[in-house]
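Everything below concerns the one structure shown next.
Proteins get letters first, then strands, A, B, ... in listed order; numbering begins at 1 in each. Because the structure is predicted, anything quoted here is derived from the model rather than measured.
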Number of protein chains: 2
Amino acid sequence: MESNILSGETERLSASLEDYLEAMLFVILEKKGVRAKDIADRLSVSRPSVTSALQVLAAKRLINYAPYDVITLTDEGEKQAEKILSKHTVLQEFFTEVLLIEPEKAEAVACKIEHIADDALVERLRLFSRFMKENAESPEEWKKEFMRYCREHKMPKK
Amino acid sequence: MESNILSGETERLSASLEDYLEAMLFVILEKKGVRAKDIADRLSVSRPSVTSALQVLAAKRLINYAPYDVITLTDEGEKQAEKILSKHTVLQEFFTEVLLIEPEKAEAVACKIEHIADDALVERLRLFSRFMKENAESPEEWKKEFMRYCREHKMPKK
DNA sequence: CGGAAAAGTTAGACATGGCTTACAATCTTC
DNA sequence: GAAGATTGTAAGCCATGTCTAACTTTTCCG
């Protein structure tokens with residue numbers, strides 16, 4: 001009820017805020033630090049949009065942020081960012097390794113579904129991908145068959 | 001650029017509008033017609049929310065709507081509603097028949113993902129579910145094995 | 001028929017999350 | 001060290017989608 005922008009409570013993050021958090025971790029992992037600009041570029045949003053997101057994330061104690069200062073993730077923020085990133089990875093792998101979808105498309109869909117799929121579903125999906133990899137009699141065999149199956153049942157139009 | 005609430009253009013529907021459309025079709029399929037009340041109940045939103053959604057859908061020529069009058073789907077509206085419903089079904093089936101997730105959970109997730117997954121992905125998923133059903137040497141065998149696999153790799157906590 | 005209940009609508013508020021425009025701070029480079 | 005470029009912030013707007021409160025219309029009966 002009383003939770004607003006200033007409360008530091010741990011409600012579920014919106015898809016949008018998860019995107020910002022994930023983007024921050026991603027950039028941090030490949031450079032030394034993050035600048036608002038990096039986030040804006042990565043998410044294709046304007047710089048002002050980044051600023052307001054950062055203010056909200058700071059209020060939730062997920063990032064250390066002060067105007068014009070360095071941005072870092074708090075422990076909690078890092079934990080959450082890592083969870084999102086891991087969901088993304090699991091989804092991406094399922095789409096490419098099991099459904100045999102092109103990586104770019106898989107990437108795009110994973111980006112959206114990662115915010116929706118709960119932990120249990122993603123874990124199950126992770127297990128399924130592993131299961132198909134490890135427990136198939138001939139790991140590459142079913143993929144060939146599935147590809148053939150897809151060709152045979154190709155959509156007629158559009 | 002010039003498209004607004006009044007234009008009948010065929011932009012992509014928002015997740016929310018898709019929900020309304022889908023709910024209408026669902027109700028229609030099990031009763032003779034739809035009332036705004038039915039939609040409100042089914043989607044757990046207020047009656048005014050339904051009214052405004054209906055106005056938007058009417059502007060997009062997806063429903064026939066006039067204040068206090070009967071609500072019906074146009075041909076285009078029905079087409080779109082059916083597509084959404086079919087995505088829902090495909091997802092639901094994949095979650096229950098392949099991932100072996102409990103129907104209620106599957107339902108909840110399908111409801112959200114149906115708005116995100118594009119046609120190609122859903123089609124691929126449909127083929128995959130069918131493939132696993134038809135082409136497994138022993139259709140029930142891999143499910144047993146997967147269940148065992150899941151038990152063995154059960155998450156330690158939470 | 002007539003009035004109460006149910007259903008639908010309008011008006012107005014609020015939250016989210018994006019944008020642009022304009023200004024402020026920082027960095028770069030001579 | 002100062003000018004210009006880059007980066008960051010503030011203010012204010014818009015769209016979406018929800019809500020409540022209050023009003024209107026329709027429906028249902030007694």
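The minimum heavy-atom distance between B:P103 and B:T96, with the atom names listed, is CA-CG2, 3.8 Å. Heavy-atom minimum distance, B:R61 versus B:T74: O-OG1, 2.8 Å. The minimum heavy-atom distance linking A:Y20 with A:V45 is given by the pair OH-CG2, 3.6 Å.
Counting non-hydrogen atoms under 4.0 angstrom, B:P48 reaches a base of the nucleic acid.
OP1 or OP2 of C:dT9 sits under 4.0 Å from a side-chain N or O of B:T51. The side chain of B:S52 contributes no N or O atom lying less than 4.0 Å from OP1 or OP2 of D:dG17. OP1 or OP2 of C:dT9 sits under 4.0 Å from a side-chain N or O of B:Y65.
Only B:R35, B:A36, B:K37, listed by number, bring a heavy atom of residues 15-46 of chain B to less than 4.0 angstrom from any atom of DNA chain C.
Look at B:E123 and B:R126 and you find a salt bridge, because one of the NZ, NE, NH1 or NH2 atoms lies within 4.0 Å of a carboxylate O, short of that distance.
Checked by atom type and distance alone, the side chain of B:R124 never pairs as donor or acceptor with a backbone atom of A:C150 at under 3.5 Å. Not one N or O on the side chain of B:E76 forms a donor-acceptor pair closer than 3.5 Å with the backbone of B:L62.
Rounded to an integer number of Å, the gap from NZ of B:K60 to C1' of D:dA15 is 12 Å. The separation between B:Q55 atom CD and D:dT16 atom C1' is 14 Å, rounded to whole Å. In this entry the distance linking CZ of A:R47 with P of C:dA22 reads 14 Å, nearest Å. Between the OH atom of A:Y68 and the P atom of C:dA24 there is a distance of 9 Å, rounded to whole Å. What separates CG of A:L54 from C1' of D:dT9 is a distance of 11 Å, to the nearest Å. Taking atom CZ of A:R12 as the reference point, atom C1' of C:dA15 lies 18 Å away to the nearest angstrom.
In summary, of the residues considered (B:R47, B:K31, B:K32), a salt bridge (Lys or Arg N to Asp or Glu O under 4.0 Å) with B:D38 occurs for B:K31 alone.
In this structure, A:S14 and A:P67 both approach DNA chain C, and ranking their closest nucleotides by distance from the 5' end singles out A:S14.
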